[in-house]
Amino acid sequence: MNKIERLTFFIIVLGFTIGFILYPQMPYWMVSHWDIEGHPDGFLHKFWGLFIIPLVSMLVFLVFQYLPQYDKNVALKDFRPYYDDFLLALTSFFFVLYLATIFWNIGIRFMIGSVISLAFAAFFYYLSIMLEHSHQNNFIGIRTPWTLKDKHVWEKTHLLAGTMYRAVATVAVVGAFMPRYALYFMLIPLLLSTIYLVVYSYAEYHSAHHAKNVKS
């Protein structure tokens, strides 16, 4: 494993360690979900409350270790650092949610929507950088039939995705100051941006290939 992979693995192990240490003192039923106004409305047995995020993080880590073996594009030398950093960013996002859940359940109260919004913003800001540097692959990115068929369409779509997802991150930061509406500030811009990118890739592909057909 390289340095970034070791750091990612350390964060996952740290999550398991925190879970084992805190297990005896956590409530039998842990708050695991909050409504739009930040009120608890979902609970899990403390085993799952403490270990589901580390378990999911470990599963994602293992999957990402094997993906490059099945797609040579992902393993390209100049893209691999962004690939590894993406896994670190995703694991860190999960870890922040994990800590927020633990703090809440030991009695430290805060606006959960604000914390999630800021973590979401940080993750999507990094994601925007990674997308701008991504190469065609079957696992990460705006994978539509049109971006996968045409390298030029892939590049144009992902350059635009970088700009749009930075805007999504910025709007999410604004939402952190209005926690009751934070979910809307995260999901609506993300949904609209993703839909637009899919349509954009379709339009770019057909425009490029129509031009080729006319020339021929």
Name of the residue among F10, F9, F16 meeting side chain to side chain contact (heavy atoms under 4.5 Å, CB included) with V13: F9
Heavy atoms of other groups near Y181 OH, more than 12 under 6.0 Å: no
Residues K149, V153; criterion side chain to side chain contact (heavy atoms under 4.5 Å, CB included); working and verdict: CA-CA 8 Å; K149 288 179 181 178; V153 173; over 6 Å; no
Heavy atoms of other groups near H45 NE2, more than 12 under 6.0 Å: yes
Minimum heavy-atom distance M30-N105, with the two atoms named: CA-OD1, 3.2 Å
Plane angle bin for F20 and F51 - parallel if under 30°, tilted between 30 and 60°, otherwise perpendicular: tilted
Worked check of side chain to side chain contact (heavy atoms under 4.5 Å, CB included) between F61 and T91: CA-CA 8 Å; F61 178 81; T91 302; 5.7 Å; no
Worked check of side chain to side chain contact (heavy atoms under 4.5 Å, CB included) between Y165 and L197: CA-CA 10 Å; Y165 282 170; L197 289 167; 4.0 Å; yes
Reference residue H133; test ring-ring contact (aromatic ring centres under 6.0 Å, His included); the match among W154, F86, Y82: Y82
Distance-minimising heavy-atom pair for S201 and W146: OG-CE3, 3.4 Å
Approximate separation, where rounding is to 0.5 Å, of I12 CD1 and L55 CG: 10.5 Å
Distance, nearest 0.5 Å, that separates OH of Y98 from CD1 of I52: 11.5 Å
Whether over 12 other heavy atoms sit under 6.0 Å from Y23 OH: yes
Pair L87-Q65, side chain to side chain contact (heavy atoms under 4.5 Å, CB included): steps then yes or no: CA-CA 10 Å; L87 180 58; Q65 294 302 298; 4.2 Å; yes
Side-chain touch F94/I11, heavy atoms, less than 4.5 angstrom: no
Which atom of P40 lies closest to which atom of V31, heavy atoms considered: CB-CG1, 3.6 Å
Side chain to side chain, I116 and M186, heavy atoms closer than 4.5 Å: yes
Non-hydrogen atoms of A182 and S117 that approach each other most closely: CB-OG, 3.1 Å
Neighbour count >12 (heavy atoms, 6.0 Å) for atom CZ, F110: yes
Gap between atom CZ of R166 and atom OH of Y126 - 0.5 Å precision: 12.5 Å
Smallest separation among heavy atoms of M26 and I106, with atom names: SD-CG2, 3.6 Å
Expected output: side-chain R143 to main-chain L148 donor-acceptor under 3.5 Å: no
Residue pair M111 / M178, side-chain heavy-atom distance below 4.5 Å: no
